[in-house]
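First the proteins, then the strands, lettered A, B, ... as listed; each starts at 1. If you're wondering where the values come from, they're calculated on a predicted model, not measured in any experiment.
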Amino acid sequence: MSDKPNYKDTLNLPKTDFPMAAKLVENEPKRLEKWRELKLYERILESRKDAPLWVLHDGPPFANGDIHIGHLINKTLKDVFLRWHSLKGERTPYVPGWDCHGLPIEHKIQQELGPKLREMSTVEVRRRCFEYASKYATLQSSQFQRLGILGDWENPYLTMKPAYEASTLEVFARFVEAGLVYKQLKPVYWSIANQTALADAEIEYQDRDDMSIYVLFEIENRDALPSSLNAPAGEPVHLMIWTTTPWTLPANLAVAVAPQGNYQLVTFEKNGRRFHAVVVDQLVNRIAEAGKAQVVQVLGSAVGDTLTGVKYRHPFMDRVCPVVTADYVTFEDGTGLVHTAPGHGEDDYQTGRAYGLDIYCPVLANGRFDDTVPDWLRNQLVWDANEIIIRRLDELGVLYHQQTIRHSYPHDWRSKTPTIFRATEQWFIAVDKPFQAGGQESAGGSKSLRERALSAAKDQIRFVPEWGRARMTGMLESRPDWCISRQRAWGLPIPVFYNEQGEALLTPESVRAVARRFAEKGSDAWFTDSPAELLKDYDPGPKFPKDKLRKEKDIFDVWFESGSSWHAVLLGRSDLRYPADLYLEGSDQHRGWFQLSMLPALGATGQAPFKQVLTHGFVVKPDGRKVSKSDKEYVTATKEIETHGADLLRLWTCSVDYEGDIPTSPQVIREFGDKYRKIRNTLRYLLSNLYDFDPSADAVAEIPASSLDGWASAELDELIRQVSAAYDNYQLHRAFRLLHDFCAVQISAIYGNAMKDRLYCEKPDSPLRRRCQTVMHRMAVVLTKLLSPMLVFTADETWEHLRRAGEDADLPSVHLARAPQPAAEPPSEEQRREWELILKLRDDALLQLDALKKEAGLNKALDAELVFHVNDDAIRQKLQQYGPDLEDMAGAGHHAFAEASASESAVTVKVLDRRNDYQACARSWKRRPDVGQDPNYPDLSLRDAQAVAAMRS
RNA sequence: GGGCUCGUAGCUCAGUUGGUUAGAGCGCGUCCCUGAUAAGGACGAGGUCAUUGGUUCGAAUCCAAUCGGGCCCA
């Protein structure tokens, strides 16, 4: 220690227990415990029980595995918006949910059971699935809670709960009532090995060698051919098609052409034999080459559209079929004419429906042909049929060419065998059939689901971002009827019964009868109870004797269940309301949950289930590409939370523009820690300078505008306005940046830095110091509140270290507080210009200080003096009101005024090195002319001398 | 292949109805402070606004095409 007088003890140096290191990982769980004891969620709702409701309806994640980064982003966004609305004083109940039924869980259980599966009953398998889903719903619940998501975690909704199942059936009953449910054949992936339908998720693509063939179909009505083809009189004319699945030819019911394609009638010669065939112009040469044939001549051409009306005779089935047009016809392979079998392909099926063709499928569940085909094919396995059919076509003289190709082909992922497309009976909801919604005559009259959905998307829903509307509209325009049946065990049974004649019993009341049973016993009842028990109080009439009924085997598409959540949750709970204010999910849900919630809601009530739809993008690697689990950039949500704490992950989520892709990696998140620390340290600095400040006793009522305090106060008001607007518009990254930059610039670089001298050196209760503390205290309160939706843990921690007054005084948590309001109207234009001038002078001074540092070794701004050259009395008087701000804003020791020369602008600042002119005050380190003027304290400036004297008296 | 969408400094973001040398914060570099100290401050270097071609007196901003991503389909 030096023997110079040490004045450090006489300073009001910052003091606080608020630690610099957050130790989030260690401390967050303790705070969760505090909230639990406080019953924070219930308490917040209670404190807003008469306030307007704001309802966000949670989309149910699948109850499978740990939460991942997408869940983290989704739930964080929901929580932040809920908390913002709560901060604004609204009542924001939040009921989380889980999607529990479905294939992934059923598969998992099947894998676990292995061969034992065959010995188990459906009910036993379903019980395992139930346990599995319960386990993961519980696990994810705890992980979400660890993230700080506030909600009714004691009473979440699960789609497999009996009450929920019954509610889903009620939605179905309304569809039945509206007359929109029907049954029809539709091709699905079919595993011959397991004799079962397969979902998309059960398909894996493997390379396979198949025989591809070019086949000639003879045209039946030659007079329908466009004359521009110049078909030669008296000779047969053919359509040439190409297929890699010869076994589907018996089910051929049409040939599709591209409506805008340019087709030619070509005379080919192969092995000395001539024939005329229609093919697309750009493939003529490739066809000739492939078949080692010559193009003798091109007879004529015609556009695809003009070929409709042409009919051809099937080469070995007794039928005549049409030429149709389809958009999916391409000219990359084949002939430009596509063999169409509506019972054996998705595209073919759509075309078949469009043209009113049969959905004909002569293939049985065991992969063998039925009796509707010629003798020579009957009972043949489709794979064997390939060769038989090719041989037959050759014999008939209509096989132009055959060659082996290797292509990627869908396989059953369990048996590893190739699948086929096979038409089976499925249940549908009609989207184009007009109906009366839910008995509400006023709700749109007699319109179809599609019309209602399009109209709702057009002008009844707000989309964030706005382009969601276009995306949803496009999907609604093109979507086919909704196929709601699945051939699975783990799901909600479709409550249909069949009598001995195979007629279906499906009425609103039969569905409701089953729903009542499910509400009591859960949907397992479908597998344990008899039809008579399931229909207990319902009389289906003489056509359907209860003791002779057979139960449907199909279950619902899980989307029908999650898409009915508005009914089970929003209408089913008294604390919520229908429709919801907001649905918020990833942008993939335009097709998924958003659309498939809208359809049931419109079908049952005529009203969309949400007023606003918000979507967020997906996580990608820093280079913008898709991430996979094996990438080093893959982020494991649970691991990141354990490493950095939830608040950091939450803040990071709020910092990115979620409308687009979200670049992420462990490194990105780690480096983001700087932003958190900046905010935390700024809060800590504010708190540390408020240790002796009691807002209810020490606050200064008037903050003069012409002061840094006035400027800072106005900046804070502006921050409140802008952050509030950003939250209201769901622009979290904007809110984050405003808050962060306010900490970094307004407080840390400018205001907080400038105020050090007076905070530390003025006597504790000096007006100047108290005025600054008044502003800083408001800053701390405002920042804590505005940050509280994002930094739920840190803001609450800050709250505890903050001495509070008024309505905030007794609140045990910041999450019970109300949003901050600006203290004053926005400043006048004139006032704004005045502050701009002050900050401009500050910038000038800092540049000069930097120059002096480099040129003269002036390292401490306190050794410098700012001299303001002013040639305007009004400006001088204005500046003088700023007092010590004029030196403190640049960290200088002293300031003075001087006359400006006429050539200079109204006011300029000159920075002077005063190391050889003034003494430095031993206490404030400010170098100024008044040091030593008080004989009792020869080493102090007057201000410091008075401060020390006051404290020692 | 189709629908929707994105592409501004190393990173995260601003850039209103087209108008002076394209901004901020962070990071980085250099330096300062040591009374916010595993903190704080100052200054500085970074961009052919994905590319190309149009419209215009003038375009990051409007139009078209191309390239490269993403989501959903096929």
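Checking B/G15, B/A42, B/G44 against every side-chain atom of A/L847, the shortest atom distance belongs to B/G44. Relative to the side chain of A/S655, the nucleotides B/U12, B/C43, B/A36 differ in distance, and B/U12 lies closest. Here the nucleotide nearest the side chain of A/R471, chosen from B/C32, B/A36, B/C72, is B/C72. Comparing B/C13, B/G40, B/G41 by their closest approach to the side chain of A/K756 singles out B/G40. Nearest to the side-chain atoms of A/N753 among the listed nucleotides B/G40, B/C4, B/C26 stands B/G40. Closest to the A/S748 side chain, of the nucleotides B/G41, B/G35, B/G70, is B/G41. Closest to the A/W467 side chain, of the nucleotides B/C4, B/C13, B/G40, is B/C4. Among B/A36, B/C13, B/G35, the nucleotide with an atom closest to any side-chain atom of A/R737 is B/C13.
Between A/R914 and A/H894, every side-chain heavy-atom pair lies at or beyond the 4.5 Å cut-off.
Residue A/M475 is classed as a sugar-phosphate contact, given heavy-atom separations below 4.0 Å to backbone atoms only. Residue-level contact check: A/V668 touches neither bases nor backbone, having no heavy atom under 4.0 Å from any strand. Among the atoms of the strands shown, none is found under 4.0 Å from any heavy atom of A/P465. Note on A/D741: only backbone sugar-phosphate atoms sit closer than 4.0 angstrom, heavy atoms only; bases stay farther off. Using a 4.0 Å heavy-atom cutoff across all strands shown, A/T615 reaches no nucleic acid atom at all. Residue contacts for A/D347: at a heavy-atom cut-off of 4.0 Å it reaches the sugar-phosphate backbone alone, with no base atom in range. Note on A/R479: nothing from the nucleic acid sits closer than 4.0 angstrom, heavy atoms only. A/N689 comes within 4.0 angstrom of no nucleic acid atom, judged by non-hydrogen atoms across all strands. The residue A/R734 sits close only to the backbone: its heavy atoms come under 4.0 Å of sugar-phosphate atoms, none of a base. At the heavy-atom level, A/S587 lies under 4.0 Å from the strands shown only through sugar-phosphate atoms.
One finds no side-chain N or O of A/H616 lying less than 4.0 angstrom from the OP1 or OP2 phosphate oxygen of B/C71. In terms of phosphate contacts, A/S478 brings no side-chain nitrogen or oxygen within less than 4.0 Å of OP1 or OP2 of B/G3. At B/G27, none of the side-chain N or O atoms of A/K678 fall inside 4.0 Å of OP1 or OP2 (strictly under the cut-off). Phosphate contact (OP1/OP2 of B/A39, side-chain N/O of A/N681, threshold under 4.0 Å): absent. Note on A/R625: a side-chain N or O is less than 4.0 Å away from OP1 or OP2 of B/G69. A close approach under 4.0 Å does not occur between any side-chain nitrogen or oxygen of A/R684 and OP1 or OP2 of B/G40. Distances shorter than 4.0 Å separate some side-chain N or O of A/K8 from OP1 or OP2 on B/G35. Proximity of A/K854 to the phosphate of B/C32: no side-chain N or O atom is located under 4.0 Å from OP1 or OP2. For B/U37, neither phosphate oxygen OP1 nor OP2 lies less than 4.0 angstrom from any side-chain nitrogen or oxygen of A/Y685.
In this model, a donor atom of one side chain and an acceptor atom of the other lie less than 3.5 Å apart for A/Y730 and A/Q612. A/R923 and A/T10 form a side-chain donor-acceptor contact under 3.5 Å, judged by distance and modelled atom types alone.
Nucleotide B/A14 holds its C1' atom 11 Å from the CD atom of A/Q731, rounded to whole Å. Straight-line distance from the CH2 atom of A/W559 to the C1' atom of B/C72: 12 Å, rounded to whole Å. Going from atom CZ of A/R842 over to atom C1' of B/C43 covers 13 Å, rounded to whole Å. In this structure, CG of A/L846 is placed 7 Å from P of B/A42, rounded to the nearest angstrom. Remark: C1' of B/C11 and CD1 of A/I662 are 15 Å apart, rounded to the nearest angstrom. To the nearest angstrom, P of B/C26 lies 10 Å from CG of A/D674. In this structure, CD1 of A/I679 is placed 15 Å from P of B/G25, rounded to the nearest angstrom.
With both ends at atom P, the span from B/C73 to B/G53 equals 39 Å, rounded to whole Å. Nucleotides B/G15 and B/C49, compared at atom C1', are 10 Å apart to the nearest Å. Spacing between B/U5 and B/C62 at atom P, rounded to whole Å, works out to 14 Å. Between B/A22 and B/G46, the two C1' atoms lie 13 Å apart (nearest whole Å).
Nucleotide B/C33 has no partner under the Watson-Crick or G-U criteria, as no pair reaches both atom distances under 3.5 Å.
Between A/K840 and A/D843, no side-chain nitrogen of the basic residue sits less than 4.0 Å from a carboxylate oxygen of the acidic one, so the salt-bridge criterion is not met. Classification of A/E346 and A/K186 as a salt-bridged pair holds, one side-chain N sitting under 4.0 Å from a carboxylate O. Between A/D888 and A/K926 there is a salt bridge, since at least one side-chain N of the basic residue sits less than 4.0 Å from a carboxylate O of the acidic one. A/R758 has a carboxylate O that lies under 4.0 Å from a charged side-chain N of A/D885, or vice versa, which qualifies the two as a salt bridge.
With hydrogens and angles ignored, no donor-acceptor pair closer than 3.5 Å exists between the side chain of A/T682 and the base of B/A36. Applying the 3.5 Å distance criterion, the base of B/C73 shares no donor-acceptor pair with the side chain of A/R591.
For B/G46, the base adopts the syn conformation, since its glycosidic angle falls within 90 degrees of zero.
When each of A/F672, A/Y727, A/Y658, A/F742 is paired with A/F736, the ring pair (Phe, Tyr, Trp, His ring centres under 6.0 Å) condition holds for A/F672 and for no other.
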